[in-house]
Structures are given as C-alpha cells and as structure tokens.
Amino acid sequence: MSITAVLLAILILLLTITWIYLNRFSSYVQSLGIPVERRIHWQMHKTNFRAWMDNCLSKYGNLWVDYTATLPSIFVADPNIIKEIMVKHFDHFPNRINFGIEDQHTSLIDARDDKWSVVRKALSPTFTSGKLKGMTAYMGKIVDNMLDHLEAKLQNDPIIDVKQVFQCLSLDTIANCAFGIDINSFQDSENVLFKRSNQAFSDLRFKDMAENVLMHLLNAFPFLFNFLDAYGKENYAFLRDTTKSIVKRRAAPRGDFIDRLKELSEDSTAHGLSEEMIMAQGIGFFIAGFETSSNTMSTLSYHLAMNTQVQDKIYAEICSVMENHNGNIDHESTNEMVYMEAAIEENLRLCPPVTKLDRECKKDITIGNVFFKKGVQVAFPIWSMHHNPDLFPDPEEFRPERFLKGSQEQIQPFSYIPFGGGPRKCIGMRFAMVEMKIALAKLLIKYKIINEPGKTKLNFNPGDPFFLSYSQVFVRLEERT
Ligand code: HEM
C-alpha cells in the first residue's frame, strides 16, 4: 500500500470517529419526542436571544431542544419540571454548564460538585440576617456618596445615565460590605477595579464572528478550553489577586466575606481546595455583585419614569414609613416598604438581569415524560417565562400589585425565578434586595425620576445569551421641593 493510501485511510478513520463523536446525542435527541430547533446560530453576536426564546416558546410550548452543534440543550419552561430539576433532583443537576474555567479562576458561580458544596457552605454565613442588618449603615453611607455625586452632576445637566451611577453604587457597596475596603467610584469611575469588573462581565457577550466560531468549536471540542481564552482570564486573574491582597492585609476580623476566605485558607486540611481557588471566590462576588443590582436599578428607573403613578405610590410609602421611624432609612424601615419591594420584584420579572439559566445533567433521569441523559444541558428561559401571558396576565404591563399579599399567592412556584432556585439559588439575593431598597428610598425621597422623551429608553445589546445587556439608561432627575 502506498503512503498516500495509508494517509487517506487514517484521514477517513479520523473523520469517521469525529463524525460519530459529534453526533453522539443525535439518536437520543430524536427519541425524546420533543420539538427540535436545529438552527445553527452563526450570527450569535447579532442575535436577540430573548426574541429567539420567545419565538420558540410560542412555536413549541414549554419544552424544546436546541440542537445546534453537538451538545443538545433541552429548554424547559414548565415551572413544575424546573422545580424538580432545581430542588428535588438537585443531585442529578448540581452544576451549571462547563466553560472550562481553571481552578485558579473558579468562583462559586462556576464551581462544581464537592468543591461547590465546600465553598457554598463556607460562604453562606456572609449574608445572614444579622450580618445584613449590620451592613445597612455602610450601605446608607455609600448611597449618600451617590447623592453627593448626583447633586454636583445635575448642576450641569439634569439628564443623566443612571446605569453608570448604579454601577458605581453596586461596586462600592460590595467592596465595602463584603471585602471591607473603602472606595469611591463616583469620584473615580476610571479606577481599575471598576474597569476590570465591568470588562469581566461584558466579556461574556458575543461581540464578533470570531467569538461566534470559537463558541461552536468549544461546544464541539471542550478540550480546546485548555488552549483558548474563552472568558477573559486577565480580568479574572486581576480580581483574584485583588482579593488575595485584601485577605493578606486583613488585620482584625470583621465577620465578612474576607474573614470567611481567611478561615477557608487556614483550614486547608478540611477540603481539597487550592489556595488560588479560595482567593478566586472574590471574582464571583465582584462580578455578580457589580452588574446584577445595577442592571436592576437602571431598568427600574426606566419603569418608574414611565409609570409615574407607581413612583408616586412608592414615594408616599417611603414618607409614611419614615414618619414612623424618626425619619430613618435603615433595615427596619425598609422592611416595611412592601410596595417598593413589590415594584423591585415586578421589575425583576420584566427585566431579569439573568435572562437564561442552565444546568448540566450528571446522571440519567426521567422527569415527567422527559428522559434527561447524562451530559445534556438543560436551559430555563427566564425571560420568556416572565413574559408568558399564561403565567403572568398582561405580561408587558408594569404592575407591582402582582407581588402584593393577596395576588402573590396566585403566582405559580418556579414560574418567577430572577434569582434562580434550589441549593444553587443566588447567594446574594437578600443582600441585593436590601441594597436596592435603601438606594431607592434615599434617591426617591430627594428626586423625582422623569421620562425624557426620545432619551429615556431601553436599548438592549444583541449577542448575549445569558444576560440583559445594555450600555445606558438616561432619565431626568428633578429635585423634590
Ligand atoms: C438583582 C440582583 C441579583 C440577581 C438578579 C441575581 C441573580 C442570580 C442568578 C439568577 C443566579 C443563578 C442561580 C441559579 O443557578 O439557580 C445567581 C447566582 C449567584 N449570585 Fe446572584 N444575583 C443578584 C445579586 C447578587 C449579588 C449582590 C451577589 C453578591 C455576592 C451575587 C452573587 C451570586 C453568586 C456568588 C452566585 C452563584 C451561587 C452558586 O452557584 O452557588 N448575586 N444570581
């Protein structure tokens, strides 16, 4: 046999193996009996994933399979099945999908299996009720910094981009309450921590064709993660090293996140975590604490500008609660601002910062009539569920009353999941709610948020499969007299 024939035979063999490998889920997908969406997203950087999910939901109903490259993703919009996956059968779905993030950059968000349980258990005491209560004074001071900044800024122009203002607020709040460091991003929004946290988040969006191709390649051949930078390692390394240096500098305990990391690092015999991975936990707190709450506060400003009657009701509630609390805005008084809380919840329904969540199936299991095979991805289209008229009548209407006692009970469990659910539910949920309530109360007591025609709008960026991505939200702020 000639050398050419041998090479040709090897090539054919390799191509056959690759073809079999790439199609390993093909007969499984066919056997599922669920509609299959076969469109390959070649233009992910231009795709409006929310519209795509809405379209699939109305075309196929509560279950469909996105079988684009080689790994199927089963989309589940049925709240009952979601509950089974997130809670009852958590041991079959303990992880989110794997982005090949190395240990040294793996925070709680990407941690898997036993490592995740060690870290989650260690970090959970960061936001107990007692701790949150102690944090509200710090939160209040940071909101005061924001108000000072706004006062100066509004002298030049009453129309401002609230997105950037709330990003500064979120970063300073998480830096102070969890890391114990004092920064004032309002005075210096060019600071490197701000820039890196911002980049680490926005790097998760597809920005061009090359990233599009890269994602398909990684999906097909996960071993390529070892050679390619799929998530912006430089930003992650910066946030990890910043955490490390804060831990090192910590002298007296404050009972916060940094103390938890110190304990974990001193107790190296009790778990299999590397020192690098312990310090990487700062990445998750910086990224998640930075973008999600500011994203919510900005879309909320938009909705309050557009729904003045809701804004007036919140303002009246703030005034009346403050009167009973000697004019204080703190943990106790914000607890009584139930209409405001309902407005935040309604905003999280209409504009959830996390638009799609996922899990990976670890062991074969049948739930309802669906057979989930080990290795398949499961996706929950949060955005489309929150906008589904079968779950939320008149879904496009901003109506906080849905979340008040008397109506709230009618919301089907696991149809509203802006913070996810089950043991992997957002660890910062209560922290975020307190932070947003204090900020909103202090802001609305001083200013009216007003729609500036032509400028006040929500313009979402394409190319983001997981997050509600947008650059700016402009509103007019008018001082109350
Ligand atoms: C409005 C604000 C926020 C929203 C909407 C939000 C949303 C979410 C969602 C949807 C998840 C995934 C849950 C799941 O898979 O079931 C999550 C996880 C997480 N969030 Fe948040 N989040 C917010 C604020 C925060 C804050 C302030 C922090 C700061 C510490 C934080 C830290 C985390 C972490 C570390 C995880 C991973 C938890 C785990 O896998 O165990 N989040 N968040």
Side-chain angles (χ1 to χ4, degrees), residues 76 82-83 85-87 90 93-97 99 101 106-113 115-127 131-132 135 139 142 166-167 169-179 197 200-201 239 243 256-258 260-261 280-300 341 344-360 377-383 385-386 414 416-440 466-468:
V76 181
I82 294 178
K83 186 176 173 193
I85 292 173
M86 283 183 160
V87 185
F90 176 72
F93 303 91
N95 302 316
R96 301 201 180 88
I97 58 177
F99 283 105
I101 296 181
T106 294
S107 73
L108 193 58
I109 298 174
D110 306 294
R112 298 167 73 80
D113 302 311
K115 287 185 179 171
W116 168 78
S117 1
V118 172
V119 178
R120 178 87 191 202
K121 202 164 150 218
L123 299 185
S124 290
T126 311
F127 299 128
K131 296 263 167 66
L132 281 177
M135 288 174 189
M139 289 179 179
I142 293 158
F166 291 134
Q167 281 183 327
L169 177 78
S170 303
L171 184 67
D172 290 7
T173 308
I174 196 77
N176 194 309
C177 295
F179 293 78
S197 305
F201 205 88
L239 297 175
T243 311
D256 62 4
F257 169 70
I258 291 298
R260 304 264 78 78
L261 295 190
Q281 298 318 310
I283 301 169
F285 272 49
F286 273 127
I287 299 181
F290 172 73
E291 174 61 26
T292 47
S293 339
S294 56
N295 195 309
T296 308
M297 287 295 289
S298 311
T299 48
L300 180 58
E341 184 163 318
I344 298 174
E345 286 172 332
E346 172 68 340
N347 187 67
L348 282 166
R349 180 188 68 78
L350 270 171
C351 289
V354 181
T355 51
K356 186 197 91 170
L357 257 189
D358 54 67
R359 295 286 189 268
E360 192 183 272
Q377 300 178 349
V378 182
F380 312 117
I382 302 183
W383 169 277
M385 291 167 64
H386 286 190
F414 287 80
Y416 173 73
I417 46 170
F419 292 101
R424 283 209 88 139
K425 190 173 186 171
C426 175
I427 199 172
M429 178 179 86
R430 290 181 330 126
F431 174 86
M433 286 306 285
V434 176
E435 174 193 3
M436 292 189 290
K437 284 172 83 176
I438 291 190
L440 192 61
F466 306 106
F467 303 108
L468 194 63

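Counting starts at 1 for both ligands and their atoms, in listed order.
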Looking only at heavy atoms, is any part of Glu435 under 4.0 Å from ligand 1, and if so is it the side chain, the backbone, or both, or is it neither?
neither
Between Trp116 and ligand 1, does any nitrogen or oxygen pair lie at a separation below 3.5 Å?
yes
To the nearest 0.5 Å, how far apart are CG in Leu468 and OG1 in Thr292?
12.0 Å
Below a 4.0 angstrom heavy-atom separation, can you tell me which part of Arg120, side chain or backbone, both or neither, approaches ligand 1?
side chain
Decide yes or no for Met86 and Phe93: does some side-chain heavy atom of the first lie under 4.5 Å from some side-chain heavy atom of the second?
no
Any idea how many protein N, O or S atoms are nearer than 2.8 Å to atom 21 (Fe) of ligand 1?
1
May I ask you to check whether Phe179 and Phe286 place their ring centres under 6.0 Å from each other?
yes
Could you pull out all residues at least two apart from Arg112 that satisfy salt bridge (Lys or Arg N to Asp or Glu O under 4.0 Å)?
Glu360
Give the residue and atom name of whichever protein heavy atom lies nearest to atom 16 (O) of ligand 1, and the separation in Å to one decimal.
Arg359 NH2, 2.8 Å
Could you list the atoms of ligand 1 found under 4.0 angstrom from a heavy atom of Phe127?
30 (C)
For residues Pro352 and Trp383, determine if any side-chain heavy atom of one lies less than 4.5 Å from a side-chain heavy atom of the other.
yes
Who are the side chain to side chain contact (heavy atoms under 4.5 Å, CB included) partners of Lys115, not counting sequence neighbours?
Asp103, Leu273, Met277
Quick one: side chain to side chain contact (heavy atoms under 4.5 Å, CB included) partners of Lys121, sequence neighbours excluded?
none
